[in-house]
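By convention in this document, chain letters (A, B, ...) are assigned in the order of the sequence lines, proteins followed by strands, and residues within each chain are numbered from 1.
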Number of protein chains: 2
Amino acid sequence: MPRRQAEIMDAAARVFAAKGFHGATTQDIADVLGIKQASLYHYFASKEIALETVCIVGASGFYERAKIIVDGADGARDKLAALIRSHHEPLADHADYIRVFLHQRQFLPSTSRRKIGRWSRGLERLFERVISAGIKDGTFRAGLDPRLATLAILGMLNGVPAWIDKEGRAIDVIASGLADLALGGLLRR
Amino acid sequence: MPRRQAEIMDAAARVFAAKGFHGATTQDIADVLGIKQASLYHYFASKEIALETVCIVGASGFYERAKIIVDGADGARDKLAALIRSHHEPLADHADYIRVFLHQRQFLPSTSRRKIGRWSRGLERLFERVISAGIKDGTFRAGLDPRLATLAILGMLNGVPAWIDKEGRAIDVIASGLADLALGGLLRR
DNA sequence: TTGTCTGCCTATAGTGTTATAGGGAACAGC
DNA sequence: GCTGTTCCCTATAACACTATAGGCAGACAA
């Protein structure tokens, strides 16, 4: 992606994250960049396509990183901890893209929405697989519902972008803390 | 609230939840009810005020129920489990109101947004207080970050409305499962 | 010098959306 | 039979937003 176009997309991501896709106007995006509204259309064909571009950037990488972890040689405990940690990595440099992906992708046209939805479900399956394996080999508690545990953990993780900027904690402190909580829970052992 | 107005608000909540505040039009709401767009303005003065009404309904009750639990005589473990369970109660009868509260309240005018924001922060403090007390009395692990644990648990809980309709699990099964996960984690003891 | 590309501009058509104004019909209570 | 209330209607003003058309200036290459 050409440098200038990346700047345009940064502005779009920022505005979409702050105001939502429908609440954001192309004028808002242009204002961030200091250019005229119509000038944006040299960089994207429509507002909807801008959203698609932002969402794809926001979603990309999660599945690939997770796949490498799951295919590795670690045990279920280390794999799950690594999955949770790696889920935080993209927050460092493009948090807005991820926020847009999480909450605005529902407004994509159905074709691209479905494509991106497949990545999400793929990621869920990776978590679920690790948890199921951990139950089977005795690392995790018997009687757990792997699907429910997956949704619980991903819910916890996907909530992070909403508060990370307000709480004064470094990303890797949060990542480690959440991995520890998911594995060990609150109760004293 | 008069019966008919409650029906209007149900429709508004449904449409706001499905399309977002800015993505929803007053025409969409009227279509759900089978009346004309302009007729809605007998029931609310503006779309923004309709959002405020829906958000207040969606937010109400959480803090009050939590306060009763926290003020009770149980130990930290039972209090936290009860907090998590009680967080699911309103999902049974007005899930759409809660979805709107969770994701659309950011579009409220600042006065009402701040009022509703105070309820949220109040709820967070109740969770945090229980967790801190539990650490102090040895129920929960030493070294936990109570604030981080609160945000993790609330993130997990606030993710539920997004998937509850798609996964075929009863609400109280979910509520118990999540309380168990938060307390015990995944690892075998 | 001519052509091409990038980056931006002005102007505006076309459309969708909110909200207001001013009714009308049915029904209840007196 | 009069009055008020509830529920809904038509019509439209006023405005905001997306996207297109067509152009201009500077950089750079042939």
Length of the [atom1]-[atom2] vector between [X] and [N], whole Å:
| X | N | atom1 | atom2 | answer |
| --- | --- | --- | --- | --- |
| K36(B) | dG24(C) | NZ | P | 18 Å |
| Y41(A) | dG7(C) | OH | C1' | 17 Å |
| Y43(A) | dT20(D) | OH | P | 17 Å |
| L33(B) | dC9(D) | CG | P | 10 Å |
| K47(A) | dA16(D) | NZ | C1' | 11 Å |
| R3(B) | dT5(D) | CZ | P | 20 Å |
| L40(A) | dG7(C) | CG | C1' | 12 Å |
| H22(A) | dC17(D) | NE2 | P | 14 Å |

Could you tell me whether a side-chain N or O of D28(A) sits under 3.5 Å from a main-chain N or O of T25(A), the two making a donor and an acceptor?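 Side chain of D28(A) to backbone of T25(A), a donor-acceptor pair under 3.5 Å: yes, one is there.
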
Quick one: does E128(B)'s side chain have a donor or acceptor within less than 3.5 Å of a partner on T150(B)'s backbone?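 Side chain of E128(B) to backbone of T150(B), a donor-acceptor pair under 3.5 Å: no, none is there.
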
On a plain distance test, is the side chain of Q27(A) in donor-acceptor contact with the base of dA16(D) below 3.5 Å?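 When only heavy-atom distances are counted, Q27(A) does not reach the base of dA16(D) through any donor-acceptor pair under 3.5 Å.
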
Would you check, one step at a time, whether the test side chain to side chain contact (heavy atoms under 4.5 Å, CB included) holds for L154(A) with W163(B)? CA-CA 11 Å; L154(A) 281 172; W163(B) 50 261; over 6 Å; no

F62(A) ring centre to R65(A) NZ or CZ under 6.0 Å, with the angle to the axis within 45°?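 The answer is yes; both the distance and angle limits are met.
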
The side chain of [X] lies closest to which of these nucleotides: [options]?
| X | options | value |
| --- | --- | --- |
| A38(B) | dC9(D), dC7(D), dT20(C) | dT20(C) |
| Q37(A) | dC17(D), dA19(D), dC9(D) | dA19(D) |
| T25(B) | dC9(C), dT17(C), dT10(C) | dT17(C) |

S39(A) near the nucleic acid: base, sugar-phosphate alone, or nothing, with a heavy-atom cut-off under 4.0 Å?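 Result for S39(A) = base.
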
Look at all strands and tell whether A24(B) reaches a base, only sugar-phosphate, or nothing, counting heavy atoms closer than 4.0 Å.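 The residue A24(B) makes sugar-phosphate contact but no base contact.
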
Quick one: is T26(B) getting a side-chain N or O under 4.0 Å of the dT17(C) phosphate, OP1 or OP2?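 No, because none of the side-chain N or O atoms of T26(B) sits under 4.0 Å from OP1 or OP2 of dT17(C).
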
Do the side-chain N and O atoms of H87(A) and N158(A) include a donor-acceptor pair separated by under 3.5 angstrom?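 Yes, because at least one side-chain N or O of H87(A) sits under 3.5 Å from a partner of the opposite role on N158(A).
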
